[in-house]
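Report on one structure; see the data block that follows.
Worth knowing before you read on, the calculation uses all heavy atoms, side chains too, and leaves out hydrogens, waters and symmetry mates. Numbering starts at 1 and runs along the sequence shown.
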Amino acid sequence: MADDGMKDALLKREEAYADQPLIYPPSISANPLSLRQVSVILVAYLTLGTIVFYLIQDQISGKKTNRILDSVYFCVITMTAAGYRDVGPNTNLAKSLACIFVFTGMALGGFALS
């Protein structure tokens with residue numbers, strides 16, 4: 001069988017390198033961040049997002065109550081990629097900024113958890 005030949009080849013290769021130490025790839029973060037540093041990064045990210053969404057709030061659909069609170073709400077909902085469909089971007093600019101914010105938020109969330 002082809003699988004047995006492949007397994008044998010892998011085992012022979014492992015035996016050939018058995019005396020050499022394992023080399024692990026470098027971590028994403030060589031210096032782990034403290035909780036305080038992660039908190040500062042996330043607060044700065046949310047602040048920047050709130051300012052951006054406050055400036056383009058006319059391009060976001062949905063019931064609006066308070067401009068700042070609505071911007072913070074849209075920022076958090078977009079960052080977490082929850083999307084409750086109560087507010088949403090209408091224009092290409094707003095959609096592009098929301099996409100950038102989602103992907104950056106997911107990356108920051110993953111980085112914060114690692």
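Sorted by first then second residue, the side chain to side chain donor-acceptor pair (under 3.5 Å) pairs that include residues 91-103, not counting sequence neighbours, are Q59-T91. Sorted by first and then second residue, the salt bridge (Lys or Arg N to Asp or Glu O under 4.0 Å) pairs involving residues 38-63 (not counting sequence neighbours) are D58-R67. Residue pairs satisfying the salt bridge (Lys or Arg N to Asp or Glu O under 4.0 Å) criterion with at least one member in residues 69-84, sequence neighbours excluded, are absent.
A search for side-chain contact (heavy atoms from CB on, under 4.5 Å) contacts involving S61 returns N90, not counting sequence neighbours. Residues forming a ring pair (Phe, Tyr, Trp, His ring centres under 6.0 Å) with F53 (at least two apart in sequence, or on another chain): F74, F101. With sequence neighbours excluded, no residue forms a side-chain hydrogen bond (donor to acceptor under 3.5 Å, both in side chains) with Y45. Applying the side-chain contact (heavy atoms from CB on, under 4.5 Å) rule to I41 yields the partners L33, L108; only residues at least two apart in sequence or on another chain are considered. Scanning for side-chain contact (heavy atoms from CB on, under 4.5 Å) contacts around L46 gives C75, V76, M79, with sequence neighbours left out. I51 pairs by the side-chain contact (heavy atoms from CB on, under 4.5 Å) definition with T47, L55, not counting sequence neighbours.
For the atom pair CD1 (I60) and OH (Y73), the distance works out to 12.0 Å, reported to the nearest 0.5 Å. For the atom pair CD1 of I100 and OG1 of T78, the computed distance is 12.5 Å after rounding to the nearest 0.5 Å.
Placement of L93 and V52 within a single hydrophobic cluster is found when ILVMFWY residues are connected by side-chain heavy-atom separations under 4.5 Å, directly or transitively.
In this structure, V43 shares a hydrophobic cluster with no other residue, the cluster being traced through Ile, Leu, Val, Met, Phe, Trp and Tyr side chains under 4.5 angstrom apart. Counting Ile, Leu, Val, Met, Phe, Trp and Tyr side chains that sit under 4.5 Å apart, directly or through other members, F103 shares a hydrophobic cluster with V102, M106.
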